Amino acid sequence: MRHVPEGSDTAPAEAPLRVIVADDDPLARRVVRDALEAGGIIVIAEASTGREAVELSLYYKPDVVLMDLVMPDGDGIQATRRILAREPGVEVVILTSCDDDAVGIISLRAGATGFLNKRAGVEALPRALRLVDSMRRTPADGAGLRPVRSRLTPREWEVLDLLCAGQSTDEIAATLVLSSETVRSHIKNLLRKLGVSSRQAAVEQARRLRADLAGGGVNDRFEAAAA
């Protein structure tokens, strides 16, 4: 278990994102920590087991816990439930090398904000966690929320979130570590599913939906988009 001091003599106008990295592989933790710190994110602690992840999260109250799915002494899902039961304001992002969509569903049901596939590469982590942070600061109009039951896939919601944030095709591709052609395909599919003919119309429809949801117009369960 490793931890570093949080203190600083001067604070920036907007405090850096504070993250705990939980992974039983010390090399993996170092690689992730280096990538996050290179992106301006502060790693305030590291945990090698599920139990340590819980203890450090309750002590430090980080902005985000980057949680490996498979760890000893309590896996990532168990640790996520325990953390959020005590500190619901902490965001947990699950890291996994599994391509099974069921893993993502289980992660979200446990309360995780999102999940990331390790194959995306560590260079994607700072961007992904900043997206999580922007969702954490979701305004009252519901921007960044998504319904669990939706015609759109999780990836299509991620693309739509970034369209709502004003990103271009190439910017979305860079954020999600996808090719521009893949992003265009996702946009085409989400436009068809939403029954609209333009990106702006899709953005306007998403904003209307989220404004209704934030106002309590529909009783349902929603998740913040994260990965």
Side-chain angles (χ1 to χ4, degrees), residues 64 69 77 91-227:
V64 180
L69 181 65
I77 298 300
E91 303 289 348
V92 179
V93 176
I94 299 292
L95 274 178
T96 176
S97 56
C98 179
D99 292 324
D100 188 350
D101 289 342
V103 171
I105 294 173
I106 293 170
S107 301
L108 294 176
R109 287 178 175 170
T113 300
F115 58 97
L116 297 171
N117 195 303
K118 292 182 178 180
R119 296 179 187 175
V122 293
E123 66 277 0
L125 290 177
R127 292 193 300 270
L129 294 197
R130 285 199 177 91
L131 179 59
V132 169
D133 188 45
S134 69
M135 296 302 102
R136 184 171 63 91
R137 302 172 192 234
T138 298
D141 64 0
L145 298 180
R146 66 170 67 156
V148 169
R149 290 183 288 275
S150 170
R151 290 170 293 173
L152 303 187
T153 66
R155 179 63 84 185
E156 288 163 357
W157 270 107
E158 290 172 351
V159 171
L160 182 55
D161 288 337
L162 296 175
L163 285 176
C164 289
Q167 289 198 10
S168 66
T169 297
D170 290 343
E171 288 171 335
I172 294 172
T175 299
L176 299 180
V177 197
L178 299 172
S179 69
S180 295
E181 290 75 15
T182 298
V183 172
R184 291 190 186 95
S185 177
H186 286 313
I187 292 173
K188 179 179 179 181
N189 289 336
L190 72 86
L191 292 179
R192 174 178 54 80
K193 291 178 181 180
L194 292 175
V196 296
S197 58
S198 70
R199 299 183 183 199
Q200 185 57 40
V203 168
E204 291 172 357
Q205 182 166 321
R207 287 174 177 166
R208 285 195 299 270
L209 171 64
R210 286 165 169 166
D212 290 342
L213 299 177
V218 178
N219 295 319
D220 206 341
R221 177 170 174 249
F222 300 92
E223 309 286 357

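Values reported hereafter were calculated over all heavy atoms of this structure, with side chains retained and with hydrogens, waters and symmetry mates removed. Because the structure is a prediction, the values reported are computed rather than measured.
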Qualifying residues under side chain to side chain donor-acceptor pair (under 3.5 Å), relative to [X], sequence neighbours excluded:
X	answer
Glu123	none
Arg127	none
Thr96	none

Exercise. Can you see which heavy atom on Val177 is nearest to which on Ala124, and at what distance?
Key: CG2-CB, 3.1 Å

Quiz item: Considering all heavy atoms of both residues, which atom of Val196 and which atom of Ala201 are nearest to each other, and what is their separation?
Solution: CB-CB, 3.8 Å

Quiz item: Residues two or more places apart in sequence or in another chain: which of them pass side-chain contact (heavy atoms from CB on, under 4.5 Å) with Ala165?
Solution: none

To the closest 0.5 Å, what do you measure between [atom1] ([X]) and [atom2] ([Y])?
X	Y	atom1	atom2	answer
Glu158	Thr175	CD	OG1	10.5 Å
Thr169	Leu162	OG1	CG	11.0 Å
Arg199	Cys164	CZ	SG	12.5 Å
Ile94	Ile77	CD1	CD1	4.5 Å
Leu116	Leu176	CG	CG	10.0 Å

Quiz prompt | Those residues that, when tested against Lys118, pass salt bridge (Lys or Arg N to Asp or Glu O under 4.0 Å) (two or more places apart) | solution = Asp23, Asp68

Quiz item: Checking side chain to side chain contact (heavy atoms under 4.5 Å, CB included) against Glu156, which of Leu191, Leu190, Leu194, Asp161 comes through?
Solution: Leu190

Quiz item: Does any non-hydrogen side-chain atom of Glu91 lie less than 4.5 Å from one of Leu129?
Solution: no

Quiz prompt | Heavy-atom side-chain proximity of Leu95 to Leu125 below 4.5 angstrom | solution = yes

Per-pair distances, 0.1 Å, donor-acceptor, side chain in residues 180-187, under 3.5 Å, sequence neighbours excluded:
{"unit_1": "Ser180", "atom_1": "OG", "unit_2": "Asp170", "atom_2": "OD1", "d": "2.8"}
{"unit_1": "Thr182", "atom_1": "OG1", "unit_2": "Ser179", "atom_2": "OG", "d": "2.8"}

